[in-house]
Chemist: 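Please find one structure pasted underneath; my questions will follow.
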Number of protein chains: 2
Amino acid sequence: MLSIETLKKIGIFHNLNERELKLLLSISRTRNFEQGKVLFYEKDKAKYLTLVLTGVVKIYKVDPKNNEIILHRFIPNHFVAEMAVFEKLPYPASAAFETDGSVLEIDFEKFKEYFFSNPEITLELFKSLTQKIKYLDNVIALTVVLDSTARVAKYICENSEALSMKHNKLAQYLHITPETLSRIFKKFSKLGFVAKNAGTYTILDKESLEILFE
Amino acid sequence: MLSIETLKKIGIFHNLNERELKLLLSISRTRNFEQGKVLFYEKDKAKYLTLVLTGVVKIYKVDPKNNEIILHRFIPNHFVAEMAVFEKLPYPASAAFETDGSVLEIDFEKFKEYFFSNPEITLELFKSLTQKIKYLDNVIALTVVLDSTARVAKYICENSEALSMKHNKLAQYLHITPETLSRIFKKFSKLGFVAKNAGTYTILDKESLEILFE
DNA sequence: AAATAACATTGATATATGTCAATAATGAGA
DNA sequence: TCTCATTATTGACATATATCAATGTTATTT
């Protein structure tokens, strides 16, 4: 059951007092999702201010060939698509759970009424919005600006978890096919930039990799 | 010379009273730019909260082949890259004037101090941030999700000025070469979706074009 | 109006990456 | 440990779009 204790643990609401937390509780509810379930579809009308409580939510668009283009993965305590809620716009992308999980749904009109004059809350919302801009900028920097090779180089240099990911997930994230990813890793191996030990790659020459995308 | 009258005309500052406008004036200055001049480069440190007063500013990234990838064009009375200023981050892209023009530069720390508690200002800043998210989403929807043909179809359907633009500008905006654009227009002509009269194209069959990107 | 520059079109070719199919490697359940 | 399913690699080929070069068209300057 949703409780004040739960709300208190959410970073964004850290500075709310008991009274405010109660108020927030009264305009919120939780919803649980199984792995793979869709939170919302692109073009749906945004109804609630939504925050991930548990699990991982992927935000994605679908291209005309039915490929999923993943824009971002959200972990707990982040707002999802608050822009659409603020602007009363249809969602610009779809969202689905990659694991079992849950979200907090807040009645936005009431939230606005009660909390928009609170500078600590608005500051948190600012941060959340600027964070979204950074995510989108990253997608563009990665996908629009760089070619596949540079993209792989950048991603494995800047994301420590990249090398332990399954290659087909990594490929999907980088918007390339697993075949292309495999060929790029092979090329990096031949150049001595990475090495394969027992199935996983390790970076040998980070500086050379960085040259590829800078 | 920068005056209260100038500031008053800027939509974002509509609700400020005389005292506040004076305060704003005291922490602001204008800077003039000739066509082609650079306002800032990607990775520069953001110093001032910047707003376009006159002219058109393009925001762009440069890819490894030195192609400019245009993310957006700003017209007067819009904040440029406020996210970088808020977050004290280097600019995520470069900005240059496409026409002669000018900007307002506001001392951000003081602006924050004086105006962040003003709900009308914060609301305007929210709007400005969500607008930026929409622009970036649009770049992704256009460039990452769609192929060249769909991109052209979408752009000429949704931007009335597209057909009167010079084709090499349009091509640059759509991140394709003028040659590819020319071939796509030829294809649309053959299909009877557009027609060429005296040098410029007109849309004959918008519904068919829409099918291409929906 | 002629000359020149800027822009647009067309064809031939190159390139990056995707697609499909076959095979190899790895991991999980019996 | 063996077997089956999943994931990764490889090769052959297809495709979209870029590149380069030639030519045609339009706009601007003198």
Side-chain angles (χ1 to χ4, degrees), chain A residues 35-36 62-70 98 142-156 161-191 193-202 212-213, chain B residues 35-36 62-70 98 142-156 161-191 193-202 212-213:
Chain A
Q35 176 171 21
V62 180
D63 76 12
K65 287 179 190 162
N66 270 343
N67 298 312
E68 276 185 13
I69 294 167
I70 295 186
E98 287 203 326
L142 204 68
T143 312
V144 182
V145 177
L146 301 178
D147 66 12
S148 298
T149 303
R151 225 180 295 168
V152 175
K154 185 177 163 89
Y155 202 80
I156 65 176
E161 77 281 9
L163 292 172
S164 56
M165 282 169 78
K166 273 183 189 153
H167 280 195
N168 55 3
K169 272 245 154 147
L170 180 57
Q172 192 191 29
Y173 203 79
L174 294 171
H175 309 147
I176 57 181
T177 58
E179 291 94 328
T180 300
L181 181 62
S182 176
R183 287 173 184 125
I184 289 168
F185 268 118
K186 199 179 167 189
K187 186 165 70 181
F188 288 167
S189 291
K190 275 188 185 165
L191 289 164
F193 298 168
V194 303
K196 198 183 195 175
N197 310 307
T200 54
Y201 287 91
T202 41
L212 294 177
F213 62 87
Chain B
Q35 176 171 20
V62 179
D63 76 10
K65 287 178 191 164
N66 270 343
N67 298 313
E68 274 185 14
I69 294 167
I70 295 186
E98 287 201 327
L142 205 68
T143 312
V144 183
V145 177
L146 302 178
D147 66 13
S148 297
T149 303
R151 227 180 291 169
V152 175
K154 185 177 164 90
Y155 201 79
I156 64 176
E161 77 282 8
L163 292 173
S164 56
M165 281 168 79
K166 273 183 188 151
H167 279 193
N168 55 3
K169 272 243 154 146
L170 180 57
Q172 193 191 30
Y173 203 78
L174 295 170
H175 310 147
I176 58 181
T177 57
E179 292 93 328
T180 299
L181 181 62
S182 175
R183 288 173 183 123
I184 289 167
F185 268 118
K186 199 179 167 189
K187 186 165 71 182
F188 288 167
S189 290
K190 276 189 184 164
L191 289 164
F193 297 169
V194 302
K196 198 186 196 174
N197 309 309
T200 54
Y201 287 92
T202 40
L212 294 177
F213 62 87

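As the structure is a prediction and not an experimental result, all values here were calculated from the model.
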Chemist: For D:dT9, does either OP1 or OP2 sit under 4.0 Å from a side-chain N or O belonging to A:K186?
Modeler: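 For D:dT9, neither OP1 nor OP2 has a side-chain N or O of A:K186 closer than 4.0 Å.
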
Chemist: Are A:T143 and A:I69 side-chain neighbours, meaning at least one heavy-atom pair lies under 4.5 Å?
Modeler: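 In short, these two side chains do not touch, never coming nearer than 4.5 Å.
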
Chemist: May I have the distance from A:K187 (atom NZ) to D:dT10 (atom P), rounded to whole angstrom?
Modeler: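 So the two atoms are 14 Å apart, to the nearest Å.
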
Chemist: Given 3.5 Å as the limit, does a donor-acceptor pair link the side chain of A:H175 with the main chain of A:S148, or not?
Modeler: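 No.
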
Chemist: So, is B:N168 near the phosphate of C:dA8, with a side-chain N or O under 4.0 Å from OP1 or OP2?
Modeler: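 So the side chain of B:N168 is within the cut-off, an N or O lying under 4.0 Å from OP1 or OP2 of C:dA8.
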
Chemist: Could you tell me whether the side chain of A:E68 and the main chain of A:V62 form a donor-acceptor pair under 3.5 Å?
Modeler: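 No, A:E68 side chain to A:V62 backbone: no donor-acceptor pair under 3.5 Å.
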
Chemist: When you measure from the side chain of A:H167, which nucleotide among C:dT9, D:dA8, C:dT19 comes out closest?
Modeler: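 Selected nucleotide (nearest to the side chain): D:dA8.
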
Chemist: Step by step, work out the side chain to side chain contact (heavy atoms under 4.5 Å, CB included) result for A:I176 and A:L181.
Modeler: CA-CA 7 Å; A:I176 57 181; A:L181 181 62; 4.0 Å; yes

Chemist: At under 4.0 Å between heavy atoms, how does the protein contact nucleotides 13-18 of chain D? Give one character per nucleotide, 5' to 3', with B, S or -.
Modeler: ----SS

Chemist: CD of B:E179 versus P of C:dT13: gap in Å, rounded?
Modeler: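 Answer to the nearest Å: 16 Å.
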
Chemist: Compare the minimum distances between each of C:dT9, D:dT9, D:dT10 and the side chain of A:Y201, then state the nucleotide with the smallest one.
Modeler: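 The closest nucleotide is D:dT9.
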
Chemist: State, with a plain yes or no, whether a side-chain heavy atom of B:R183 is found less than 4.5 Å away from one of B:E179.
Modeler: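 Side chain of B:R183 against side chain of B:E179, heavy atoms only: contact under 4.5 Å found.
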
Chemist: CG of B:N66 versus C1' of D:dT19: gap in Å, rounded?
Modeler: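 Roughly 16 Å, once rounded to whole Å.
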
Chemist: How long is the line joining CZ of B:F185 and C1' of C:dA8, in whole Å?
Modeler: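 Going from B:F185 (CZ) to C:dA8 (C1'), I get 12 Å.
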
Chemist: Considering the terminal five base pairs at each end of the helix from C:dA1-D:dT30 to C:dA30-D:dT1, what angle separates the two local helix axes, rounded to 10°?
Modeler: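 It works out to 40° between the end axes.
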
Chemist: Is the shortest heavy-atom distance from the side chain of A:L174 to the side chain of A:T180 under 4.5 Å?
Modeler: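 Side-chain contact under 4.5 Å: no.
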
Chemist: Which part of the nucleic acid, if any, lies within reach of A:K196 when heavy atoms closer than 4.0 Å are counted: base, sugar-phosphate only, or nothing?
Modeler: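 Since only primed, P, OP1 and OP2 atoms lie under 4.0 Å of A:K196, the category is sugar-phosphate.
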
Chemist: If I take atom CD in residue B:Q172 and atom P in nucleotide C:dA8, what distance separates them, rounded to the nearest angstrom?
Modeler: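 It is 12 Å, rounded to the nearest whole Å.
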
Chemist: Tell me the interatomic distance from B:M165, atom CE, to D:dA27, atom C1', rounded to whole angstroms.
Modeler: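 Going from B:M165 (CE) to D:dA27 (C1'), I get 18 Å.
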
Chemist: Does B:S189 use its side chain to pair, donor to acceptor, with the backbone of B:F185 at less than 3.5 Å?
Modeler: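 Yes; at least one donor-acceptor contact below 3.5 Å.
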
Chemist: Using whole Å, what does the distance between atom C1' of nucleotide C:dT26 and atom CG of A:N197 come to?
Modeler: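 Between C1' of C:dT26 and CG of A:N197: 16 Å.
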
Chemist: How many whole angstroms separate atom NZ of A:K166 from atom P of D:dT7?
Modeler: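 In whole Å, D:dT7 P lies 5 Å from A:K166 NZ.
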
Chemist: Is the closest side-chain heavy-atom distance between A:I156 and A:V194 below 4.5 Å?
Modeler: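 Contact flag for A:I156/A:V194 side chains = yes.
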
Chemist: Any side-chain heavy atom of B:T149 within less than 4.5 Å of one from B:I184?
Modeler: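 Answer yes - side chains close enough.
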
